[in-house]
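Here is the naming used below: chain letters follow the sequence lines, and residue numbers restart at 1 for every chain. This structure is a prediction, so every number in the text was calculated from the model and none was measured.
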Amino acid sequence: MRKSVNRPPTPDVMENQGKEPTFQELINIELIESGEKERLMELLRERLIECGWKDEMKALCRAFIKKKGRNNVTVDDLVHVITPKGRASIPDSIKAELLQRIRTFLVSAAL
Amino acid sequence: MSLPNEDDMSSSSDTQITSHIFGDLLDSIIVDVASECHRIAKLGLDRNFEEEEEELRLSAQARVRVADPSNSGEANSKYVVDIFGQTHPSVANEVFECMNCGRAIMAGRFAPHLEKCMGKGRKARAKVTRSSTAAQTRQSRGNPASTYSTYSNSNSTSRLSNGTSGVAGEEYSNGALEEP
């Protein structure tokens with residue numbers, strides 16, 4: 001029977017049962033389920049806006065868009081434009097604060 | 001809640017996991033910012049898109065002009081340039097006719113002219129109040145109009161409360177109307 005939709009085959013459930021969830025994955029699930037990931041993201045967003053990081057990134061985007069032309073830009077392009085500078089220009093205090101929060105969560109989650 | 005493998009947790013992998021989680025958060029936020037900028041660009045919502053360079057240039061120009069010491073203060077030069085690029089002479093130079101004496105007066109000199117023109121000026125009146133002899137001198141000189149003699153009589157007994165602004169103002173500032 002001809003398929004009307006081109007669809008990749010559904011991954012076989014049997015394949016995944018060999019792998020155990022890594023600690024990383026479990027932590028991730030716990031982060032999301034407890035709502036802590038959302039809280040951390042809001043905190044980081046707020047800090048980055050306060051310190052002007054978001055404005056810097058937006059300026060980078062605007063400059064790139066002006067150069068390349070408004071209609072030729074994809075989200076992917078912009079992500080690639082911002083990511084290196086974005087990761088490097090995070091103020092140390094903000095990074096430390098977030099890492100501390102995450103570490104605290106890890107400790108409490110692991111207990 | 002207890003997790004398997006917790007005994008395996010060492011401090012270095014701890015830090016690794018922490019950094020990994022932080023990286024995750026950061027990536028999400030970066031994608032958000034990129035998506036927002038993309039949307040603004042595509043929808044043309046950025047009102048400053050064209051103007052930004054022009055504004056930057058203009059603001060830099062304005063800053064230079066403000067910092068320029070030759071422009072500070074009217075006292076330095078007669079022709080100061082304001083923010084619109086206009087120059088004004090320090091004394092207003094439009095000429096018109098004084099409604100009292102009919103002479104052609106410069107606008108910038110109008111107020112001092114009026115002082116002398118009406119009621120013979122503040123300086124003259126102030127001098128009169130100080131000494132009665134001056135008042136007598138004024139009366140003997142003979143004023144051009146009868147109203148003026150009225151005021152010069154009352155000057156010796158009353159003081160001006162404010163500067164001369166016109167005939168009507170004179171009456172009230174004296175506090176009493178002189179009967180003709």
Colleague: Based on non-hydrogen pairs under 4.5 Å, which of B/A34, B/S28, B/S35, B/G23 is most in contact with chain A?
Modeller: B/A34

Colleague: Which bit of A/R87 is near chain B, if near means a heavy-atom gap under 4.5 Å: side chain, backbone, both or neither?
Modeller: both

Colleague: Do the side chain of B/K42 and the main chain of A/N71 share a donor and acceptor less than 3.5 angstrom apart?
Modeller: yes

Colleague: Answer with side chain, backbone, both or neither: which region of A/I90 has an atom nearer than 4.5 Å to a non-hydrogen atom of chain B?
Modeller: side chain

Colleague: List the atom of B/G44, the atom of A/R70, and the distance in Å for their closest heavy-atom pair.
Modeller: CA-NH1, 3.8 Å

Colleague: Tell me, please, which residues at least two apart from A/D76 pass salt bridge (Lys or Arg N to Asp or Glu O under 4.0 Å).
Modeller: none

Colleague: Under 4.0 Å between a Lys/Arg side-chain N and an Asp/Glu carboxylate O for B/D14 and A/R103?
Modeller: no

Colleague: Using the test salt bridge (Lys or Arg N to Asp or Glu O under 4.0 Å), find all partners of A/E97 that sit at least two apart in sequence or belong to another chain.
Modeller: A/R47

Colleague: Say whether, by atom type as modelled, one donor and one acceptor occur between the side chain of B/H38 and the main chain of A/L78 under 3.5 angstrom.
Modeller: no

Colleague: Do you know which two heavy atoms are closest between A/I102 and B/F22, and how far apart they sit?
Modeller: CD1-N, 3.8 Å

Colleague: For atom NZ of A/K68, decide whether the heavy atoms of other residues, nucleotides or ligands shown that lie under 6.0 angstrom number more than 12.
Modeller: yes

Colleague: Heavy-atom distance under 4.5 Å between the side chains of A/N28 and B/I21, does that happen here?
Modeller: no

